[in-house]
4 protein chains.
Amino acid sequence: MGRGSRGTVGGRARREQIERAAAEVLAEMGYAASSVGRIAERAGVSKGVVTYHFPSKDELLRRVALRLFQECSAHIAASITGATTPAERLRAGISAELEFFSTRRIEFLAMAEIMANHRDASFGHAFDEVSTSETETLADLLAEGQAQGDFRAFDVHEAAHMIAAAKNGLLDRWASDESLDLASASTKMLDFLESAVSHR
Amino acid sequence: MGRGSRGTVGGRARREQIERAAAEVLAEMGYAASSVGRIAERAGVSKGVVTYHFPSKDELLRRVALRLFQECSAHIAASITGATTPAERLRAGISAELEFFSTRRIEFLAMAEIMANHRDASFGHAFDEVSTSETETLADLLAEGQAQGDFRAFDVHEAAHMIAAAKNGLLDRWASDESLDLASASTKMLDFLESAVSHR
Amino acid sequence: MGRGSRGTVGGRARREQIERAAAEVLAEMGYAASSVGRIAERAGVSKGVVTYHFPSKDELLRRVALRLFQECSAHIAASITGATTPAERLRAGISAELEFFSTRRIEFLAMAEIMANHRDASFGHAFDEVSTSETETLADLLAEGQAQGDFRAFDVHEAAHMIAAAKNGLLDRWASDESLDLASASTKMLDFLESAVSHR
Amino acid sequence: MGRGSRGTVGGRARREQIERAAAEVLAEMGYAASSVGRIAERAGVSKGVVTYHFPSKDELLRRVALRLFQECSAHIAASITGATTPAERLRAGISAELEFFSTRRIEFLAMAEIMANHRDASFGHAFDEVSTSETETLADLLAEGQAQGDFRAFDVHEAAHMIAAAKNGLLDRWASDESLDLASASTKMLDFLESAVSHR
DNA sequence: TATGAATGAGAGTTCATTCAT
DNA sequence: CATGAATGAACTCTCATTCAT
């Protein structure tokens, strides 16, 4: 603000256009090949535009990844509303995440590239925190289920990590194999997990 | 005669030294920062030495990753010997893998960097195949357990993927948090998994 | 937009400046010593500028050589207009070529370096083809002269090769000895050739 | 002498072996790709051997080229003996040269690569001198023929250059087209040249 | 705002040469 | 004599960034 277009309406549109282009290039060509020039070319603008709208390439990538993250979180939160029991909320949350990404494949692949390669101090931490809070939420859910007698006894923290890992593993599989039926695998996984945490 | 120094005694030592240096740089600075120059510097030799002993940077990284892979596989195979029931073999295999990597942290981190970032045709596939065969072995184990009546009914393929994901997730956690008690977490995970697959 | 700066006005000027510098370096220092860095230095710009304006070093050299080639061809074509008899056209064409290069010594030397050293598939062939078509044109001219009774009988193809060789030999001599009087030597050569092909 | 094997019998054999390998590599891969390593590999020896037997790569190449030159000169000299008239000596000399190279294609191609690319002060001059003396010998021959009334009047120096150029042009053609019938083309060329210099 | 132009650092790789063994 | 090892300079090319217009 003050200088440049950051904050104006046209600026926002440009930024989104560039972020979209960045996601496409990342998904198709990988992190190493995702140069500013290539992104600009994909966006149909000159290289300078990218530098103008983003303080740095790192910032651009950070935005691409974080935005998807946030939208996903919002989607999950909305989907959990209405689920009452811990078991339902568990299913709802994981289903929502997988469902969300399944409609945003390119951005998901881009985010994966960024997270895998971006060795930036302040950046990695951001994701670590998100993933930590995700696991904690999960652990709370499991503890609640145990307290209500729905779930059997186990270490809720380790279990939370494992459930998160199972979900991420599924996303990884889907990332390298688009033909994988995410919905079906998701159901199977949730069935397995549910019986793993429940009294039987 | 020939190219490089493959086969000689002094050459082997140098190569190992360079591979060690490469692993250190990869673990500490990440894939992007692991230039040939930096690796040579770390090894205390000139840049040309690296090119002399390895046909290319890719080959060097491939060796670093594959060697650890193979050693790990051998360790697991040796550890499984003696385990008789599917449940025991499951525990033994996963324990062995985690135990193995816990003694080779730097190389593990290096391998993780390489696997995540090396977008090379013939190379990435090599890892895909290994991980596929790992999952298949796991699935076979689960099926055997079901056949023997030790394990309850579930989709063995999905379960195999989930178990592999849980194990990899644990390694990921340990990768970003050295202080994590791998042995303890491993036990908790295996306990959870065991009761998840068993009749109760 | 797009790659490089092809098409803009400022870009064209820079490109010509760089091509000029490349020709100078090639002429003075030879092919092997004509690195991009040296060319940039001679042009008074940074190394990156060269890569910015030309997709590759090969392309730069190709342009330097081909442009001179084309200008020479145009000059010859223009000079032949007005010559009616085969003997006149022969003289006119060869004179025009020698005269043209005599005003472009540096570029000629550069082109010679490039043609001699550029072992590039699609490139070397381009020159082979041009020289082939040159010889064929010459052979046609000789055949026409024979048909009209101006020239005596001889193998037109071999003679065409020989005439071309004589002309190229003269250029070679001039290339290694700037003080050689190209015009005078040219006249003597053409006199000799004329009486060689004519009835006497 | 004193140090090393220069001058010993075994040394001479090694040197010839290396020179042969160098010629092969030059002919097959071109000047730029003819590294010491590649030459050593082709010779079946280690890289150090080359450096041991030759003070430098340049010296090696110089030897490869000059030796062929000298052998060719000797062959020509021998072939001229017995030819009495200038016209016969002209034919004999040129025929001998073409015939000589036709039996030494690889070395000829190597020599051509070296002469085209070797921009070394003292080296280029050596060839310039040889070619100058060749032309002078030719000019003397032509002058002698004119004095004896065998040849018509023309500028002997220019004619000598032209004849040399025609011969070199023929060799150039053969260099880039092995299937060219050197003997037949040579005869046609000599017929043309003979009638060009003779009274008719 | 947007552009093309320019920069300079850094990448991987090749190579002639030197040297200890 | 011969070797493998090592060096360091040079090469082309890519790229994030800066800047005048």
Side-chain angles (χ1 to χ4, degrees), chain A residues 3-6 8 10-11 14 32-40 45-58 60, chain B residues 1-11 13-15 32-40 45-58 60, chain C residues 1-11 13-15 32-40 45-58 60, chain D residues 3-6 8 10-11 14 32-40 45-58 60:
Chain A
R3 181 138 79 91
S5 70
R6 271 147 287 200
T8 70
R14 256 283 183 274
S34 298
S35 64
V36 170
R38 215 104 65 181
I39 291 168
V45 299
S46 81
K47 214 163 49 156
V49 177
V50 176
T51 316
Y52 179 77
H53 284 286
F54 296 90
S56 73
K57 184 194 181 186
D58 278 9
L60 165 57
Chain B
M1 217 178 287
R3 247 184 192 263
S5 60
R6 264 151 294 189
T8 72
V9 173
R14 251 291 181 274
R15 255 181 337 267
S34 297
S35 66
V36 171
R38 211 104 64 181
I39 291 168
V45 298
S46 82
K47 209 168 50 161
V49 176
V50 175
T51 328
Y52 177 73
H53 286 285
F54 296 89
S56 71
K57 184 193 182 186
D58 275 14
L60 166 56
Chain C
M1 215 179 288
R3 247 183 192 264
S5 59
R6 265 150 294 189
T8 70
V9 173
R14 254 286 183 275
R15 245 168 2 252
S34 298
S35 67
V36 171
R38 212 105 61 182
I39 292 168
V45 299
S46 83
K47 213 166 47 165
V49 176
V50 176
T51 328
Y52 176 74
H53 285 284
F54 295 89
S56 71
K57 184 193 180 186
D58 275 14
L60 166 56
Chain D
R3 180 139 81 88
S5 70
R6 273 148 286 198
T8 71
R14 256 281 184 275
S34 298
S35 66
V36 170
R38 216 104 65 179
I39 291 168
V45 299
S46 81
K47 213 164 50 157
V49 177
V50 176
T51 316
Y52 179 76
H53 284 287
F54 295 90
S56 74
K57 185 194 181 186
D58 278 10
L60 165 57

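This is a predicted model, so every value here is computed, not measured. Convention: sequence-line order gives letters A, B, ...; per-chain numbering from 1.
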Checklist entry - For B:Ser35, which contact category applies under a 4.0 Å heavy-atom criterion: base, sugar-phosphate, or nothing? => result sugar-phosphate
Item to check | Sugar-phosphate only, base, or nothing, as touched by A:Val49 at under 4.0 Å among non-hydrogen atoms | outcome: base
Next on the checklist: Let's test your reading of the model: under 3.5 Å, does the base of F:dT3 pair with the side chain of D:Lys47 as donor and acceptor?
Outcome noted: no
Next on the checklist: Looking at E:dT21, which nucleotide sits across from it as a Watson-Crick or G-U wobble partner, both distances under 3.5 angstrom, or is there none?
Outcome noted: F:dA2
Checklist entry - If we call it a pair only when both distances are under 3.5 Å in a Watson-Crick or G-U wobble match, what pairs with E:dA11? => result F:dT12
Checklist entry - Closer to the 5' end of DNA chain F via nearest nucleotide, is it C:Ser56 or A:Gly37? => result C:Ser56
Item to check | Residue pair D:Leu60, D:Ile39: steps toward the side chain to side chain contact (heavy atoms under 4.5 Å, CB included) verdict | outcome: CA-CA 11 Å; D:Leu60 165 57; D:Ile39 291 168; 4.2 Å; yes
Measuring to OP1 and OP2 of [N], would you say a side-chain N or O of [X] lies under 4.0 angstrom away?
| X | N | result |
| --- | --- | --- |
| D:Arg14 | F:dC1 | no |
| D:Arg38 | E:dT14 | no |
| D:Tyr52 | F:dA2 | no |

Checklist entry - Between D:Ala40 and D:Val50, which heavy-atom pair has the shortest distance, and what is it? => result CB-CG2, 3.9 Å
Next on the checklist: Looking at every non-hydrogen atom in both residues, tell me the closest pair between C:Arg15 and C:His53 and how far apart they are.
Outcome noted: CD-O, 3.6 Å
Would you mind reading off the distance between [X] atom [atom1] and [N] atom [atom2], rounded to a whole angstrom?
| X | N | atom1 | atom2 | result |
| --- | --- | --- | --- | --- |
| A:Leu60 | F:dT17 | CG | P | 10 Å |
| B:Ile39 | E:dG10 | CD1 | P | 16 Å |
| B:His53 | E:dT13 | NE2 | C1' | 16 Å |
| C:Arg15 | E:dG4 | CZ | P | 13 Å |

Checklist outcome for this item: Sorted by position of nearest nucleotide on DNA chain E, 5' first, the leading residue of B:Ala33 and B:Thr51 is B:Ala33
Checklist outcome for this item: Between B:Gly48 and C:Ser46, the residue closer to the 5' end of DNA chain E by nearest nucleotide is C:Ser46
Checklist entry - Between E:dT13, F:dC13, E:dT7, which nucleotide gets closest to the side-chain atoms of B:Lys57? => result E:dT13
